[in-house]
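Whatever order the structure lists ligands and atoms in, that order sets their numbers, starting from 1. Computed from a predicted model, the values in this text were never measured in an experiment.
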Amino acid sequence: MTFTLHGLAVSGGIAIGHAYLVSHATLEVAHYSLPPRKVDDEVVRLGRAFDAVRAELAELRSGLLNDGTEARGELLAFVDLHSMILDDPLLLDEAGAYIRSRRCNAEWAIKRQMDRLVEQFEQIDDAYLRSRSADVVQVVERVIKALAGKRNRVSTRRRDTDSIVVAHDLSPADTIQFKAQRIAAFVTDLGGATSHTAIVARSLAIPALVGMHQARRLIQDDDMLIVDGVRGVLIINPDERILDEYRLRAREIEIERSKLKRLTGAVATTLDGEAVQLFANIELPQDVEQVREVEADGIGLFRTEFMFLNRDDLPDEDEQFEAYRSVVQAMKGKPVTLRTLDIGADKALRGAERSEANPALGLRAIRYCLAEPRMFVTQLRAILRAAHYGKVRIMLPMVAFQHEIESALAMVALAKQQLREANRKFDDRVEIGAMVEIPAAALALGTLMNHFSFLSIGTNDLIQYTLAIDRADEAVAHLYDPLHPAVLRLVQQVIAQAKRAGMPVAVCGEMAGEPQFARLLLGMGLRQFSMHPSQLLEVKREVLRCDCGDIAPRVIKLLRSDDPIRIREQLERINAGSGIVQ
Ligand code: PEP
Ligand code: MG
């Protein structure tokens, strides 16, 4: 039976393919009965999985012992706690007994035991102890993965190019793993338009829908799906007529894309001769290939924290240095802006997940780095060394306080001093900039301008914090509005103030990659955009068609309005004739 679901389109295009349901290891565990003669083997299989996890944890532990980072103590404590849970007879013995009494598979037995333990934890009054149930889940997750012969990966049974991933929720760490595979599209029940999961999906340059609510429950593995990433529609089991229609539309989009490719070498200048720079956002070093394909002017945002996800250890200085250097060398002298670690909130390090009530307002980004100075200085040293091989800029996320800036700059000085003492080659004159992504930073911009050489507006977080909308929460996703007058005014004020002071300013949030906002931002005076490489040519087309002299006064008028309907109408008029679908 054909039916449709609606959600948020976060990455355009159309995909036609087969559903491929994915989940965290413990969410869906198969249940099957065993013949009596297989029961002993199953208990042995479970024991072997425990052994494998024990070995994994021991390896992790010895890695940590050789590591000099500040986080080491805390991480070691986690590893020890997980080893203790693993060795608790309540887990293996009880699950083994259950396999024998019920003649069921090991996954089912261990999952059931986990559920029982979690239930018991939930009864505990002490909030700290109660929260330790998460550790039990993590340990069992490891065991289930070991049973599947995997080490800490989201289950990925099929890797066909027409697979459409359907998940209830995926963390950014889960999502980034799909970069190594070829999948056709993405659909998740949870998530907002600028959640990091959506951002990664966009950087995969495949259609993606989030906030689908019930998709994971209603769709079955291998169902035929059409993902309409333009309109935010998912069609399940379409008939031939609908399929034909969408095949045609997919071809049209393909033709449109190949036309866009002709703009690759074109210089991004507006009709009235304003030069615009178009930079790229990347998550992993390998993304640099796409950046070169579209001939971006440089990298405006390298989200370095993604290199730290999906692993039990932290990359050491040399590993980071090699990764950064590979990007810097591949860019052949074009600027590479390395954002220092934006760890925390939805991008927690493995084993260091915290249960904060408001993670987006907690220990994230620069706050996290200042709380983990060794980890931060290690990264800074790696960046400074890579800077010797090209043009590197350091960008600090989420800064808002004068003392934070002073501490961060002191860490940069310390990293340089350590490199000097170790006789390492590095670039002493690396420019340091800041992201403007907290309203306080935007409103007291002088604090940032006094200390930094460039600014980049992170509209994703600026919108989240201005409107008090959790960008990852689909329940409030409808309120996430880049065109809210408060947001527009903040963005415009930052651009204007920076320009007056002669300070380079870019936008590197998702707004910069949306063609329908290109004229608006150009009209505000923006001349540096940073976005996913897959969006760059479309934005370039807008730049080439724009007359800033004509548009600027109309944008100023739009900014005076407090009426959301009028703002949208005016933007439509500004965009009229550019071919943009609003
Ligand atoms: C932003 O907040 O706009 C930004 C570019 O950073 P991130 O999306 O990684 O938080
Ligand atoms: Mg941000």
Side-chain angles (χ1 to χ4, degrees), residues 10-11 171-173 175-176 191-204 208 210 278-284 287 296 298-309 337-348 359-369 393-400 404 433-442 448 454-473 477 480-482 484 487-488 490-491 494-495 505-514 517 521 526 528-533 535-536 539:
V10 293
S11 182
S171 70
T175 318
I176 200 92
T194 58
S195 61
H196 283 103
T197 302
I199 287 172
V200 176
R202 206 167 295 145
S203 83
L204 295 171
V210 300
L278 302 176
F279 296 103
N281 294 353
I282 64 168
E283 279 82 42
L284 291 175
D287 299 342
I299 291 174
L301 169 65
F302 180 174
R303 292 182 163 99
T304 58
E305 62 277 3
F306 278 91
M307 277 170 44
F308 287 62
L309 306 180
T337 313
L338 286 134
R339 173 175 74 187
T340 55
L341 293 169
D342 186 357
I343 286 292
D346 57 342
K347 290 178 292 191
L361 303 180
L363 204 56
R364 189 193 147 186
I366 192 69
R367 304 168 182 182
Y368 192 100
C369 286
R393 311 193 306 167
I394 295 176
M395 183 157 77
L396 306 178
M398 265 189 91
V399 279
E404 259 172 5
M435 293 191 69
V436 184
E437 48 186 354
I438 297 183
L448 266 55
F454 65 93
L455 300 174
S456 191
I457 308 174
T459 47
N460 306 335
D461 279 313
L462 189 62
I463 296 169
Q464 152 163 280
Y465 295 125
T466 304
L467 302 182
I469 304 295
D470 181 345
R471 61 195 265 199
D473 185 350
Y480 191 95
D481 183 12
H484 190 291
V487 171
L488 293 181
L490 279 177
V491 173
V494 172
I495 295 171
V505 58
V507 169
C508 63
E510 296 303 292
M511 260 184 106
E514 301 267 358
F517 298 139
L521 293 169
L526 188 75
Q528 295 186 349
F529 293 63
S530 193
M531 69 208 87
H532 295 292
Q535 295 160 315
L536 193 136
V539 171

Quiz item: Applying a 4.0 Å heavy-atom criterion (strictly less than), which segment of L462 is in contact with ligand 1: side chain, backbone, both, or neither?
Solution: neither
Practice problem: For R364 and ligand 1, answer yes if some heavy atom of the residue is under 4.0 Å from a ligand atom, otherwise no. | Solution: yes
Exercise. Indicate yes or no: at least one non-hydrogen side-chain atom of E305 is less than 4.5 angstrom from one of R339.
Key: yes
Practice problem: Check whether any side-chain heavy atom of R393 sits under 4.5 Å from a side-chain heavy atom of F302, and report yes or no. | Solution: no
Quiz prompt | Flag side-chain contact, heavy atom, 4.5 Å: E437 against N460 | solution = no
Quiz item: Any idea which atoms of ligand 1 are less than 4.0 Å away from a heavy-atom of L301?
Solution: 5 (C)
Quiz item: Is any side-chain N of the basic residue among D342 and R367 closer than 4.0 Å to the acidic one's carboxylate O?
Solution: no
Quiz item: ligand 1 versus I457, non-hydrogen atoms closer than 4.0 Å: side chain, backbone, both, neither?
Solution: neither
Self-check item: Atom of P533, atom of N281 and distance for their closest heavy-atom approach
Solution: CD-O, 3.5 Å
Exercise. Using a strict 4.0 Å cut-off to heavy atoms of I199, name the atoms of ligand 1 that fall inside it.
Key: 8 (O)
Quiz item: With a cut-off of 4.0 Å, which atoms of ligand 1 are near a heavy atom of G458?
Solution: 1 (C), 2 (O), 3 (O)
Quiz item: Nearest protein heavy-atom contact for atom 9 (O) of ligand 1: which residue, which atom, what distance?
Solution: R303 NE, 2.7 Å
Quiz prompt | Heavy-atom check, side chain of P359 versus side chain of R364, under 4.5 Å | solution = no
Quiz prompt | Nearest protein heavy atom with distance in Å, relative to atom 6 (O) of ligand 1 | solution = R339 NH1, 3.0 Å
Quiz item: Within a strict 4.5 Å, meaning less than it, do heavy atoms of the M435 and M395 side chains meet?
Solution: yes
Quiz item: Side chain, backbone, both or neither: which part of N281 has a heavy atom under 4.0 Å from ligand 1?
Solution: neither
Exercise. Check V436, L462, I495 against L490 for a side chain to side chain contact (heavy atoms under 4.5 Å, CB included) and give me the one that passes.
Key: L462
Quiz item: Do the side chains of V507 and F517 get nearer than 4.5 Å, heavy atoms only?
Solution: no
Quiz item: Around the Mg ion (ligand 2), how many protein N, O or S atoms are closer than 2.8 Å?
Solution: 2
Quiz item: Does the side chain of I394 come within less than 4.5 Å of L338's, by heavy atoms?
Solution: no
Quiz item: Can you list the ligand 1 atoms lying under 4.0 Å from a non-hydrogen atom of C508?
Solution: 5 (C)
Quiz item: Which atoms of ligand 1 are found less than 4.0 Å from any heavy atom of D342?
Solution: 10 (O)
Quiz item: Which ligand 1 atoms, with their elements, are less than 4.0 angstrom from a heavy-atom of D461?
Solution: 1 (C), 2 (O), 3 (O), 10 (O)
Quiz item: Can you tell me the protein heavy atom closest to atom 4 (C) of ligand 1 and the distance?
Solution: M435 CE, 3.6 Å
Exercise. Measure the shortest side-chain to side-chain distance between F279 and I299 over non-hydrogen atoms and say whether it is less than 4.5 angstrom.
Key: no
Quiz item: Who's the nearest protein heavy-atom neighbour of atom 7 (P) of ligand 1, and how far?
Solution: H196 NE2, 3.3 Å
Self-check item: Those residues that, when tested against Q528, pass side-chain hydrogen bond (donor to acceptor under 3.5 Å, both in side chains) (two or more places apart)
Solution: Q277
Quiz item: Short N/O distance, under 3.5 Å, between R471 and ligand 1?
Solution: yes
Self-check item: Closest approach of L341 to C369 (non-hydrogen atoms, all atoms of both residues)
Solution: O-SG, 3.5 Å
